[in-house]
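To keep things clear, I will list the structure first and then write my remarks on it.
Sequence positions, counted from 1, serve as the residue numbers for this chain. Given the structure is predicted, the values throughout are model-derived calculations rather than measurements.
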Amino acid sequence: MKNFTAVVFDMDGVLFDTESICLKAWKAVGEEYHIEDIEQTAIGCIGLNITDTKAFFQQKYGADIDFALYKEECSRHIRESIERDGLPLKPGVREILSYLKENGWRIALASSSSESSVQGHINRAGINEFFEVVVGGDMVEHSKPRPDIYLLACSRLGVLPEEAIAIEDSPNGLRSAHAAGMHPIMVPDLIPPTPEIEKLLYARCDSLLAVRDFLQNRPGEVQEVVRIPLEGLCNTRDLGGYRTVDGRRIKPHRLIRSGALLDGTKEDLQTLLTEYELKTVVDFRTGEERRQKPDPILPGVEYVENAILEEEAMGITRENENSSDQNAVVKKVIDTIGTNDSTPLEYMKTMYINLIKAPFSRARYRNFFEVLLKQEEGAVLWHCTAGKDRAGVGTILLLSALGVPREQIIADYMKVNEFAKKEIDLLMEELAAGKGKGNLGQEQADAVRLLFTVDEAYAASVFEVMERECGSVEAFLEQEMGLSAEKRERLKRLYLE
């Protein structure tokens, strides 16, 4: 997580369940004035101060309705409701405020309501002691969605906006916090996030308790990546447990990445079948690779052939190594790199760029998502040969779609080098000993090690292509992977908890 030091709360709809009370009041008075669309107007005014609310109201209804009189009637309904039923705190308010104070966070409140109204509410609720700074909408020239109110709150706290989190429920408030340079967390109340709003968010949480858990878990602190303890499959892992930016986690025993399954022992395969309830295997290899090393057939498991690369487009990597003569493959790689006048690192980066740019590959990764969207229960396992390049890119795309932080995605990707280390070291020893067609020099050996491992630069090149072509990873997933907002939400419902 970035070096955050402060949290600034909105009030209405975040700390207090006032917006539902206000909406009922607007609807009641709207019926008296025979205004049919008043509910949409009321929602459009959420997050605005009184001046901007009046302007919005008059722009919609002109001078036909006296705004001052209308507002006074609404205020009367609200006062009567609060006097009758009290002003309810939202669930988790005291818990998150106590957690923040106990852990040294700076806390402020920035509301579009007047300062006196804000102070009255937090005093009656007995939570005023938590806030170092309180800013009302009448203390700035322009309230939300302009950034003024959040900039003033940060200034009075003595923190930079980029060091602060804003907790908001309304689009106007989120726009305000984002424009101020803060990191907005949305806790939706009456208005769900739109695609435009989602792009502004640092995180989305379903409640204040989820926000507390999100901050406690420190999403930027990378979780340990562990493999499934199988005897013959060194690079098979369950992605369950990875946290997402909205405070949720990937469900266990649902998403498994792997290398080819041929070397799995009977016990390994039985573990995947029974303990992990394996239902679908998605094979990213070409037809020739599948013929060389066919997957073992497990009862009740559906096998999906989804080659990421065309047969003639296979890059020269460990992924397409079918020869038993390791040095023959190595010589071909080194000759190719020499012909292209590029370093091994540049060669591999180019291969990854092709993986994410080639129309054929993109279509096959779209197919992968369609398989995932149909998987109601049990585990989906996807693999290539070594489980590092094609499976690695597929995992980058999937974890990005689920909202896993990039640091965690990179950590998962890089773990190949540790999980396959024993196998890679043995291979390098064989090459250095001169088995096959001759010895390797140190420079050649270093080049080959790059070929058989992964590098953070390879994953970075995938993110760079997505952002350069579409402006953001989210836009790439929507435009090139076919993940509409509805499909992405379904993906999260299926695989997050």
Side-chain angles (χ1 to χ4, degrees), residues 1-3 162 183 199 202 219-225 235 237 239 242-245 250 255 257 259 284 308-309 313 315-319 333 336-337 340-359 361-362 364-366 368-369 382 384 386-421 424 446-481 483:
M1 181 178 282
K2 298 175 175 63
N3 187 28
E162 55 264 33
H183 293 77
K199 292 178 182 178
Y202 176 64
E221 292 181 359
V222 176
Q223 298 165 254
E224 184 181 5
V225 179
N235 193 26
R237 62 193 101 150
L239 304 186
Y242 288 170
R243 287 186 294 268
T244 63
V245 295
I250 296 178
L255 298 172
R257 62 170 292 182
F284 286 166
I308 297 299
L309 292 172
I316 306 169
T317 74
R318 171 75 185 278
E319 300 281 45
V333 171
T336 301
I337 293 173
N340 294 342
D341 195 27
S342 63
T343 66
L345 184 65
E346 291 169 342
Y347 176 83
M348 289 298 294
K349 283 178 65 177
T350 299
M351 190 203 72
Y352 270 77
I353 290 170
N354 291 336
L355 272 176
I356 196 67
K357 287 191 71 169
S361 300
R362 287 187 180 182
R364 293 311 176 96
Y365 281 126
R366 283 196 296 273
F368 175 48
F369 278 112
W382 61 97
C384 43
K388 69 183 185 73
D389 298 329
R390 288 164 288 180
V393 172
T395 305
I396 288 172
L397 292 170
L398 173 57
L399 292 179
S400 296
L402 291 174
V404 174
R406 189 172 301 190
E407 296 88 348
Q408 186 69 53
I409 296 174
I410 297 296
D412 176 85
Y413 171 77
M414 292 297 295
K415 209 66 174 180
V416 170
N417 293 343
E418 178 183 327
F419 292 158
K421 185 178 186 302
I424 294 168
D446 291 342
V448 172
R449 185 172 286 276
L450 274 177
L451 181 73
F452 284 80
T453 56
V454 297
D455 189 282
E456 191 168 330
Y458 308 159
S461 67
V462 173
F463 286 109
E464 287 167 7
V465 169
M466 292 192 284
E467 291 168 342
R468 184 171 61 250
E469 288 196 3
C470 297
S472 69
V473 173
E474 290 73 18
F476 181 90
L477 291 169
E478 181 175 354
Q479 296 169 23
E480 299 298 334
M481 293 295 106
L483 288 178

Validation row: Glu480, Leu397 side chains within 4.5 angstrom (heavy atoms): no

Side chain to side chain, Leu239 and Val404, heavy atoms closer than 4.5 Å: no

Partner residues of Ala460 under the side-chain contact (heavy atoms from CB on, under 4.5 Å) criterion, sequence neighbours left out: Glu464

Lys/Arg N to Asp/Glu carboxylate O, Glu418 vs Lys421, below 4.0 Å: no

Contacts of type side-chain contact (heavy atoms from CB on, under 4.5 Å), residue Glu474, not counting sequence neighbours: Ser472, Arg488

Shortest non-hydrogen contact from Ala391 toward Cys384: N-SG, 3.4 Å

Least distance between heavy atoms, Met414 atom then Asp455 atom: SD-C, 3.7 Å

Pairwise distance OH(Tyr352) to CD1(Ile396) - rounded to 0.5 angstrom: 7.0 Å

Centroid-centroid under 6.0 Å between Tyr413 and Tyr458 rings: no

Distance (rounded to the nearest 0.5 Å) between Met466 CE and Met481 CE: 9.0 Å

Closest approach of Ala401 to Leu483 (non-hydrogen atoms, all atoms of both residues): CB-CD1, 3.7 Å

Heavy-atom pair of closest approach, residues Lys415 and Val225: CE-O, 3.2 Å

Distance, nearest 0.5 Å, that separates CG of Leu402 from OG1 of Thr244: 8.0 Å

Beyond-backbone contact of Phe369 with Leu398, side-chain heavy atoms, under 4.5 angstrom: yes

Glu478 bridged to Lys199 by N-O distance under 4.0 Å: no

Any residue meeting salt bridge (Lys or Arg N to Asp or Glu O under 4.0 Å) with Arg364, in chain and number order, not counting sequence neighbours: none

Side chain to side chain, Tyr242 and Ile409, heavy atoms closer than 4.5 Å: no

Arg406 to Phe463 six-membered ring, cation-pi geometry met (6.0 Å, 45°): yes

Distance-minimising heavy-atom pair for Gly387 and Asn235: O-ND2, 3.1 Å

Pairwise side-chain contact, Val454 with Met348, heavy-atom cut-off 4.5 Å (strictly under): no

Atom of Ala475, atom of Cys470 and distance for their closest heavy-atom approach: CB-O, 3.4 Å

Point-to-point distance, once rounded to the nearest 0.5 Å, from CD of Gln408 to CD of Glu224: 10.5 Å

Contact check, side chains of Arg237 and Asp412, non-hydrogen atoms, under 4.5 Å: yes

CD/Glu467: more than 12 non-hydrogen atoms of other groups inside 6.0 Å: yes

Chi angles and distances behind the side chain to side chain contact (heavy atoms under 4.5 Å, CB included) call for Phe476, Arg468: CA-CA 9 Å; Phe476 181 90; Arg468 184 171 61 250; over 6 Å; no

Rounded distance [0.5 Å steps], OG1 in Thr395 versus CZ in Phe368: 6.5 Å

4.5 Å side-chain heavy-atom contact, Asp389 and Ile308: no

Residue pair Ile356 / Val393, side-chain heavy-atom distance below 4.5 Å: yes

